[in-house]
Amino acid sequence: QVQLVESGGGLVQAGGSLRLSCAASGSIFSINAMGWYRQAPGKLRELVASITSGGSTNYADSVKGRFTISRDNTRNTVYLQMNSLKPEDTAVYYCNADVVVPGSLRYPIAYWGQGTQVTVSS
């Protein structure tokens, strides 16, 4: 079994910063892409940023230039540095990872974290 544990959410004023972390643990052979998604009340879950095992990144247009995704492959951890936060960034942020597990080396499995609340006040 694989677990993703997120941390770093909280309440911040507009213009402030937060750093989210997500650590994967368990029966892991390797991890392909990792990413952060968010879901605001009444809205669909949306991709915020993703990063491949080689470090290539992708961002939603709404966060480009403000958020930075990074990962530490030795720790199976992905980070999201969020700067210049806006009230519209308020959401539950979820970590996602495509994990290759022993016994299923050809078919990665998508795992999700439990979510962490980010609230940006105006």
Side-chain angles (χ1 to χ4, degrees):
Q1 190 60 281
V2 174
Q3 298 82 37
L4 301 184
V5 178
E6 299 136 338
S7 61
L11 173 63
V12 65
Q13 288 188 332
S17 298
L18 284 174
R19 188 188 193 216
L20 305 182
S21 300
C22 172
S25 63
S27 183
I28 298 171
F29 180 81
S30 65
I31 301 178
N32 296 337
M34 302 183 82
W36 289 95
Y37 289 72
R38 68 186 180 186
Q39 187 166 19
K43 295 189 176 182
L44 297 176
R45 189 174 296 189
E46 63 175 358
L47 175 68
V48 176
S50 63
I51 184 168
T52 67
S53 57
S56 296
T57 58
N58 180 53
Y59 295 93
D61 288 343
S62 59
V63 306
K64 284 181 180 177
R66 300 188 297 122
F67 291 10
T68 302
I69 189 170
S70 61
R71 64 190 283 174
D72 183 340
N73 291 330
T74 64
R75 298 174 183 263
N76 290 333
T77 299
V78 63
Y79 306 95
L80 186 68
Q81 178 67 43
M82 305 185 293
N83 298 328
S84 302
L85 282 160
K86 304 175 181 181
E88 50 264 44
D89 294 319
T90 296
V92 178
Y93 284 70
Y94 297 91
C95 172
N96 170 269
D98 287 336
V99 181
V100 179
V101 300
S104 184
L105 298 184
R106 303 180 84 179
Y107 303 103
I109 301 171
Y111 287 92
W112 291 89
Q114 79 284 357
T116 185
Q117 177 70 47
V118 171
T119 302
V120 184
S121 63
S122 58

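Computation of the quantities below employed the complete heavy-atom set of this structure, encompassing side-chain atoms and omitting hydrogens, waters and symmetry-equivalent molecules. Nothing here was measured: the structure is a model prediction, and the numbers come from that model.
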Open item on the list: Does Arg19 qualify as a cation-pi partner of Tyr79, given the criterion of NZ or CZ under 6.0 Å from the six-membered ring centre and within 45 degrees of its axis?
Closed with: yes

Open item on the list: If you compare all heavy atoms of Pro108 against all heavy atoms of Asn32, which two are closest, and at what distance to 0.1 Å?
Closed with: CG-ND2, 3.3 Å

TODO: List the atom of Leu4, the atom of Cys22, and the distance in Å for their closest heavy-atom pair.
DONE: CB-SG, 3.9 Å

Open item on the list: Is there a ring pair (Phe, Tyr, Trp, His ring centres under 6.0 Å) between Trp36 and Phe67? Walk through the geometry before answering.
Closed with: CA-CA 11 Å; Trp36 289 95; Phe67 291 10; over 10 Å; no

TODO: Taking the six-membered ring of Tyr94 (Phe, Tyr or Trp), confirm whether the NZ or CZ of Arg38 is under 6.0 Å from its centre and within 45° of its axis.
DONE: no

Open item on the list: Looking at every non-hydrogen atom in both residues, tell me the closest pair between Ala91 and Ala40 and how far apart they are.
Closed with: CB-N, 3.8 Å

TODO: Mind listing the closest non-hydrogen atom pair of Ala60 and Leu47 along with its distance?
DONE: CB-O, 3.4 Å

Open item on the list: Determine whether a donor-acceptor pair (N or O, by modelled atom type, separation under 3.5 Å) exists between the side chain of Glu6 and the backbone of Gly115.
Closed with: yes

Task: Within one Ile-Leu-Val-Met-Phe-Trp-Tyr cluster: Val101 and Ile28, side-chain cutoff 4.5 Å - done: yes

Open item on the list: Closer than 4.0 angstrom, basic N to acidic O: yes or no for Asp89 and Lys86?
Closed with: no

TODO: For Ile69 and Gly35, work out which heavy atoms get closest and say how close.
DONE: CD1-CA, 4.2 Å

- [ ] Go through the steps to decide whether Gln117 and Thr90 satisfy the test side-chain contact (heavy atoms from CB on, under 4.5 Å), and finish with yes or no.
- [x] CA-CA 8 Å; Gln117 177 70 47; Thr90 296; 4.0 Å; yes

Task: Considering all heavy atoms, the nearest Leu20-Met82 contact - done: CG-CE, 3.8 Å

